[in-house]
Amino acid sequence: MTFAVHGLPVARGIAIGRAVLVVSSRIDVAHYFIKADQVAEEIERVRTARNAVAEELQKLQASVALMGPNDAPHELIALLEVHQMLLQDESLTGGVKHWITDRLYNAEWALTTQLEIIARQFDEMEDEYLRERKADLEQVVERLLHRMKGTAAVLAPSPPRRKRPAEVEDDGGEAGAGAADAFDVPLVLIAHDLSPADMLQFKKSVFAGFVTDVGGRTSHTAIVARSMDIPAVVGARSASQLVRQDDWVIIDGDAGVVIVDPSPIILAEYGFKQRQGDLERSRLARLRHKPAVTLDGQKVDLLANIEMPEDAVGAVKAGAVGVGLFRSEFLFMGREAQRLTRLPNEEEQYQAYRRAIDGMQGMPVTVRTIDVGADKPLDGKSPRDDGHLNPALGLRAIRWSLADPAMFLTQLRAILRAAAHGEINLLIPMLAHASEIRQTLSLIDFARAELDNRGVAYGAVKLGAMIEIPAAALTLKTFLKHFDFLSIGTNDLIQYTLAIDRADESVAHLYDPAHPAVLRLVADTIAECRRQGKGVSVCGEMAGDVAFTRLLLGMGLRSFSMHPSQILAVKQEVLRADAAKLEAWARQVLEAEEPSELLPPTGG
């Protein structure tokens, strides 16, 4: 039966494919694809864990047998027997083997996937006793996962793809019938939530799109989704509970709708929309090498936001003239799954920044120092799990760095060393106080002194500050005394100005980049930088939203930094705009009580 789930559109386009569910577990489970030659090894890992758990249960049974009749209740003996039966049950072991062999899931992912499938079967049983056996199955799988914890391998390439529904011959007339054994079917990811580290792992794999139950338009899950340039919907509430493993799913990233088990008519309609989107992208691709200059001759710099050094290749391909934001915190994430030490050392960071410089082929790279906390924890665990009720207002970004000067100095030395090989700008996040500015500049000087003492070469860097706290936007003259340029992080600026948790879908409707207060802070920052002859850019999501391109041009902005996938669409708006004529209109928007009524429709 066809049904739809509604959420927030965060990455545009249409995706059609089979659902891949990332099932939550009571312990952390790594999700990654293995290589074909690792199948036997993963199956052996499951077999080894199963044998170990079986031995544990046998020892428990033996110890129970030694107890007196009053100490060993019949229920406990029966429970252990049930667990042994479930452990050896072919529906569990055979299913796990299927996911490893056919989908190239790692062993832990295969286990949780098969658990979810069998658990649904238990839920549908009429007999109450049998329904309650689901809890026993969950306990058995948890035992297996605990046995396997810490033995995960490194993320490997994506799995084989299968045929699209339109390509599959179908005897029954329903979408997807007879497709189970066909190849080249696109896969779409369905999850309750994905941490930035999870997204970084999946970024290296091929998914046609993804859906999460939670999240907002500018949560980091959404941001990385846009950088992957795949359709995505977040805040879809119960999607992970309603969608079943291997269901056919359509993700409408334009409307924020997820259609499950679509009929042939709906499939045909969305297949047409998908082809239209591909055609539009092909048209935009012709603008790649065209300079971004307005109709009245104003040159505009379109820069890229990247998460990893390897993203520089895509940035150049998209026509970026530099990197306006290298989110260095992603170098620090997802390391436990790769059996690496928790933090990258100076040499590892230095090599990463050098790769980004090399990838940009001589164009400038702006590296933001580590911005962790809130929705970007280092260890994949939310700060809320540690009792931090409002992590967005806690120890994060520069506050984190200043609290751990050894870690911060390591990063600063690596960035300074990389600057000897190309143009690097150093960007500091979340500054609000003059004392923080002084501490930061002092540590930068200290990092230079350390390199001098070691006789290590380093280069000059331009220093920049993020304007993402209203307090910073209201004290710009203090910032401009110390920094060469400012970069407006609209995602956090909106969050802090409007008191909205940008990762919370329950208040997502209040997250408004067109709020008069937000626009005034952005406009005043741009104007003050221009008055003082200092560089200014916008690196938040507003920079890549074509609904705001003309407004930002009218405010005087000439440097936009966004995900590479958004550059060509923004360039098209720039090429069609007359910046001088937009100034009066921009003033009119800033004075409006409801600025959004004067703007074009907001992009995804």
Side-chain angles (χ1 to χ4, degrees), residues 292 299-309 311-312 315-316 320-331 349-371 397-398 401 408-431 436-437 440-441 443-445 447-448 451 457-468 472 476 479-490 492 525-526 528-530 532-540 543-544 557-564 567:
K299 179 177 175 291
V300 178
D301 290 332
L302 299 182
L303 309 168
N305 295 346
I306 66 173
E307 283 81 39
M308 298 297 284
D311 296 339
V316 172
V321 296
V323 169
L325 177 63
F326 180 170
R327 295 184 173 97
S328 67
E329 58 271 13
F330 283 89
L331 297 175
Q349 290 189 61
Y350 161 67
Q351 294 295 343
Y353 305 136
R354 275 207 64 178
R355 290 199 305 276
I357 291 171
D358 294 342
M360 290 308 297
Q361 303 173 15
M363 292 180 279
V365 175
T366 299
V367 180
R368 181 178 68 187
T369 58
I370 184 171
D371 183 1
I398 191 59
S401 295
F408 192 35
L409 285 167
T410 298
Q411 181 172 38
L412 291 174
R413 291 193 302 270
I415 294 171
L416 290 169
R417 288 174 58 193
H421 305 280
E423 185 179 347
I424 279 193
N425 304 318
L426 178 58
L427 182 61
I428 310 299
M430 207 179 170
L431 289 165
E436 290 175 331
I437 295 174
T440 300
L441 296 178
L443 285 169
I444 293 171
D445 287 339
R448 290 192 181 103
L451 292 173
Y458 61 91
V461 296
K462 289 182 179 178
L463 295 180
M466 294 279 290
I467 301 299
E468 47 192 342
L476 291 172
F479 280 75
L480 291 173
K481 285 179 185 177
H482 300 285
F483 293 99
D484 302 307
F485 69 96
L486 300 180
S487 186
I488 307 171
T490 53
D492 273 336
T525 302
I526 294 170
E528 186 61 30
C529 286
R530 286 169 67 89
Q532 296 200 30
K534 296 290 183 82
V536 61
S537 68
V538 170
C539 65
L557 187 70
R558 298 295 180 264
S559 180
F560 297 67
S561 191
M562 67 205 74
H563 301 100
I567 287 176

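What's counted below: heavy atoms across the whole structure, side chains too, no hydrogens, waters or symmetry copies.
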For the atom pair [atom1] ([X]) and [atom2] ([Y]), what is the distance rounded to the nearest 0.5 Å?
{"X": "L426", "Y": "I444", "atom1": "CG", "atom2": "CD1", "answer": "5.0 Å"}
{"X": "Q351", "Y": "L331", "atom1": "CD", "atom2": "CG", "answer": "12.0 Å"}
{"X": "I526", "Y": "I467", "atom1": "CD1", "atom2": "CD1", "answer": "11.5 Å"}
{"X": "D371", "Y": "I398", "atom1": "CG", "atom2": "CD1", "answer": "9.5 Å"}

Over all atoms of both residues, closest heavy-atom pair of [X] and [Y]:
{"X": "F485", "Y": "K462", "value": "CE2-O, 3.8 Å"}
{"X": "A414", "Y": "Q349", "value": "CB-CB, 3.6 Å"}
{"X": "L557", "Y": "S537", "value": "CD1-CA, 3.9 Å"}
{"X": "L431", "Y": "A472", "value": "O-CB, 3.6 Å"}
{"X": "A304", "Y": "P564", "value": "CB-CG, 4.0 Å"}
{"X": "S487", "Y": "C539", "value": "OG-SG, 3.2 Å"}

In terms of side-chain geometry, is the basic nitrogen of R355 or D358 positioned less than 4.0 Å from the acidic oxygen of its partner?
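No, no charged N to carboxylate O under 4.0 Å.
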Salt bridge between R368 and E329, side-chain N to carboxylate O under 4.0 Å?
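Looking at E329 together with R368, the answer is yes, because their closest N to O distance falls below 4.0 Å.
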Taking the side chain as C-beta and beyond, is there a heavy-atom pair between [X] and [Y] under 4.5 Å?
{"X": "V316", "Y": "Q361", "result": "yes"}
{"X": "M562", "Y": "L302", "result": "yes"}
{"X": "D301", "Y": "R558", "result": "no"}
{"X": "L476", "Y": "L486", "result": "yes"}
{"X": "F560", "Y": "I567", "result": "no"}
{"X": "T369", "Y": "I415", "result": "yes"}
{"X": "P364", "Y": "I424", "result": "no"}
{"X": "M466", "Y": "L427", "result": "yes"}

Check side chain to side chain donor-acceptor pair (under 3.5 Å) between S328 and all other residues, then give those that pass, not counting sequence neighbours.
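Here the qualifying residues are Q411.
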What residues form a side chain to side chain donor-acceptor pair (under 3.5 Å) with T366, not counting sequence neighbours?
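Partners of T366 under the side chain to side chain donor-acceptor pair (under 3.5 Å) test: N425.
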Got a sec, which pairs hit salt bridge (Lys or Arg N to Asp or Glu O under 4.0 Å) with one end in residues 414-431, sequence neighbours left out?
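Listed once each, the pairs are E346-R417, E347-R417.
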Between [X] and [Y], is there a donor-acceptor pair closer than 3.5 Å when you use the side chain of the first and the backbone of the second?
{"X": "D492", "Y": "G489", "result": "no"}
{"X": "E468", "Y": "M430", "result": "yes"}
{"X": "D484", "Y": "G464", "result": "no"}

Could you check V538 against S561 for side-chain contact (heavy atoms from CB on, under 4.5 Å), going step by step and ending with a plain yes or no?
CA-CA 6 Å; V538 170; S561 191; over 6 Å; no
Is it the case that more than 12 heavy atoms not belonging to K534 sit under 6.0 Å from its NZ atom?
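Above 12, so yes.
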Residues in ring pair (Phe, Tyr, Trp, His ring centres under 6.0 Å) contact with [X], at least two apart in sequence or another chain:
{"X": "F483", "result": "none"}
{"X": "H421", "result": "Y350"}
{"X": "Y353", "result": "F326"}

Would V323 and M363 count as a side-chain contact (heavy atoms from CB on, under 4.5 Å) if you check the C-alpha gap in whole Å, the side-chain angles of each, and the deciding distance to 0.1 Å?
CA-CA 8 Å; V323 169; M363 292 180 279; over 6 Å; no
Output, in order, the C-alpha distance, side-chain angles, deciding distance and verdict of side-chain contact (heavy atoms from CB on, under 4.5 Å) for V367 and V365.
CA-CA 6 Å; V367 180; V365 175; 4.0 Å; yes
Test I370 against S401 for side-chain contact (heavy atoms from CB on, under 4.5 Å), laying out the working first.
CA-CA 7 Å; I370 184 171; S401 295; 3.4 Å; yes
